[in-house]
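Beneath this line is the structure, given in structure tokens, with notes to follow.
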Amino acid sequence: MFVWLGAGLVGCNAQSVATPTTQFSPQQLAEVPAEYKGKTMPATSSAEHGAILYATHCASCHGEKGLGDGPAGLALMPPPAPIANSVKLMGDEYLFWRVSEGGTPFGTAMPAWKTLSEQDRWDVLRYLHTLGEAQPSQ
Ligand code: HEC
């Protein structure tokens, strides 16, 4: 009986590690560079267009629903962030900076997406907000 209970608890812990949490990463505590401060989502941004960009450029690592579980991200350390969660915690200027400059300042595998136009980056962020809204609230 005791042994069975112990195994149950271990299984429970393993699962809570895999579930996106509200924990902050070191990157999230970094200060947004002056260049990105005050950036706001343009009213013209399109979640529909963002969804296409997300499927093409982001889902491989961040997963279809933004939980950080895409196949290309499995071996990365640090792993892809559960960005459906990040959008609920972090402001758009932080997110826009992180999408634009990627992991360059931090030495992570997150690519820099300055190759996309500003409008495209905002469209992706607009779509990320819809992924965040699809998550149960914490
Ligand atoms: C090669 C895999 C890979 C791809 C493709 C990728 N990312 Fe990432 N991303 C990461 C990793 C790894 C991290 C965590 C490390 C970090 O924050 O730099 C991350 C972090 C982020 C963060 C910061 C989240 C936080 O909580 O701090 C955002 C926002 C983000 N990615 C958005 C995107 C978007 C949008 C795309 C597509 C345009 C994308 N990523 C494509 C690997 C990837």
Side-chain angles (χ1 to χ4, degrees):
M1 178 61 180
F2 178 74
V3 170
W4 177 85
L5 227 171
L9 284 174
V10 168
C12 208
N13 286 342
Q15 195 169 9
S16 67
V17 168
T19 307
T21 66
T22 51
Q23 277 176 2
F24 284 78
S25 69
Q27 288 86 307
Q28 287 173 332
L29 298 173
E31 197 180 342
V32 176
E35 193 189 339
Y36 292 94
K37 275 211 172 127
K39 290 267 187 192
T40 52
M41 172 91 63
T44 51
S45 59
S46 153
E48 288 74 24
H49 183 229
I52 297 166
L53 294 169
Y54 184 84
T56 312
H57 299 300
C58 321
S60 58
C61 282
H62 287 283
E64 226 175 289
K65 297 194 155 83
L67 301 180
D69 57 354
L74 293 179
L76 299 178
M77 194 49 68
I83 46 181
N85 220 39
S86 307
V87 287
K88 295 195 287 186
L89 298 169
M90 307 305 297
D92 281 335
E93 59 178 15
Y94 169 84
L95 296 163
F96 187 77
W97 163 45
R98 294 308 323 281
V99 172
S100 302
E101 302 289 341
T104 311
F106 306 105
T108 74
M110 166 65 184
W113 292 103
K114 280 194 289 193
T115 44
L116 297 176
S117 70
E118 284 215 7
Q119 183 67 49
D120 282 356
R121 281 174 263 158
W122 285 119
D123 289 352
V124 171
L125 283 183
R126 175 74 79 177
Y127 178 66
L128 285 189
H129 279 283
T130 69
L131 289 180
E133 283 152 21
Q135 294 306 304
S137 52
Q138 307 282 330

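Basis for what follows: all heavy atoms, side chains included, without hydrogens, waters or symmetry-related copies. Along the sequence shown, residues are numbered consecutively beginning with 1. Each ligand, and each atom within it, is numbered from 1 in the order the structure gives.
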(message) Minimum distance, heavy atoms only, to atom 14 (C) of ligand 1: which one of P78, P79, G103 is it?
(response) P79

(request) Could you tell me the residue and atom name of the protein heavy atom closest to atom 5 (C) of ligand 1, and the distance to it rounded to 0.1 Å? (result) H57 O, 3.2 Å

(request) Could you tell me which atoms of ligand 1, counted from 1 in the order shown, lie closer than 4.0 angstrom to a heavy atom of V124? (result) 35 (C)

(message) side chain to side chain contact (heavy atoms under 4.5 Å, CB included), that's the test. Do C61 and L76 meet it? Break it down for me.
(response) CA-CA 9 Å; C61 282; L76 299 178; 4.2 Å; yes

(request) Just let me know how P111 lines up against ligand 1, side chain, backbone, both or neither, with a heavy-atom cut-off below 4.0 Å. (result) side chain

(message) Tell me the protein heavy atom at minimum distance from atom 27 (O) of ligand 1, and give that distance in Å.
(response) Y94 OH, 2.5 Å

(request) Considering only non-hydrogen protein atoms, determine which one is nearest to atom 30 (C) of ligand 1 and report residue, atom name and distance to 0.1 Å. (result) M110 CE, 3.4 Å

(request) Would you tell me which option among E101, H62, Q28 has the nearest heavy-atom contact to atom 7 (N) of ligand 1? (result) H62

(request) Under 4.0 Å from a heavy atom of Q27: give me the atoms of ligand 1 that qualify, with their elements. (result) 15 (C), 16 (C), 17 (O), 18 (O)

(request) Distance to 0.1 Å, residue and atom name: give those for the protein heavy atom nearest to atom 1 (C) of ligand 1. (result) C61 SG, 2.8 Å

(message) Checking W97 against K37 for the side chain to side chain contact (heavy atoms under 4.5 Å, CB included) test, could you report, in this order, the C-alpha distance in whole Å, the side-chain angles of both residues, the deciding distance, and whether it holds?
(response) CA-CA 9 Å; W97 163 45; K37 275 211 172 127; over 6 Å; no

(message) Any heavy-atom pair between the side chains of S45 and L125 that's under 4.5 Å?
(response) no

(message) Closer than 3.5 angstrom, by distance alone: can the side chain of Q28 be matched with the main-chain N or O of S25 as a donor-acceptor pair?
(response) yes

(request) Please state whether the separation between atom 8 (Fe) of ligand 1 and some N/O/S atom of C58 is under 2.8 Å? (result) no

(message) Among all protein heavy atoms in this structure, tell me which lies nearest to atom 11 (C) of ligand 1, with the distance rounded to 0.1 Å.
(response) P80 CA, 3.5 Å

(request) Name the option, out of L53, I83, L125, that contains the heavy atom nearest to atom 29 (C) of ligand 1. (result) I83

(message) What protein heavy atom lies closest to atom 17 (O) of ligand 1? Include the residue and the distance to one decimal.
(response) R98 NH1, 3.0 Å

(request) May I ask you to identify the nearest protein heavy atom to atom 41 (C) of ligand 1, giving residue, atom name and distance to one decimal place in Å? (result) W113 NE1, 3.4 Å

(request) Using side chain to side chain contact (heavy atoms under 4.5 Å, CB included) as the criterion, point out the one residue from D92, T44, V99 that pairs with W122. (result) D92

(request) Could you give me the CA-CA distance, side-chain angles and deciding distance for L131 and I83, then say whether side chain to side chain contact (heavy atoms under 4.5 Å, CB included) is met? (result) CA-CA 8 Å; L131 289 180; I83 46 181; 5.9 Å; no

(message) Is there a side chain to side chain contact (heavy atoms under 4.5 Å, CB included) between Q27 and T108? Walk through the geometry before answering.
(response) CA-CA 10 Å; Q27 288 86 307; T108 74; 3.5 Å; yes

(request) Please round to the nearest 0.5 Å and tell me the distance separating atom CZ of R121 and atom CG of D123. (result) 11.5 Å

(request) Check whether more than 12 heavy atoms from other residues, nucleotides or ligands sit under 6.0 Å from atom CD of Q119, and answer yes or no. (result) yes

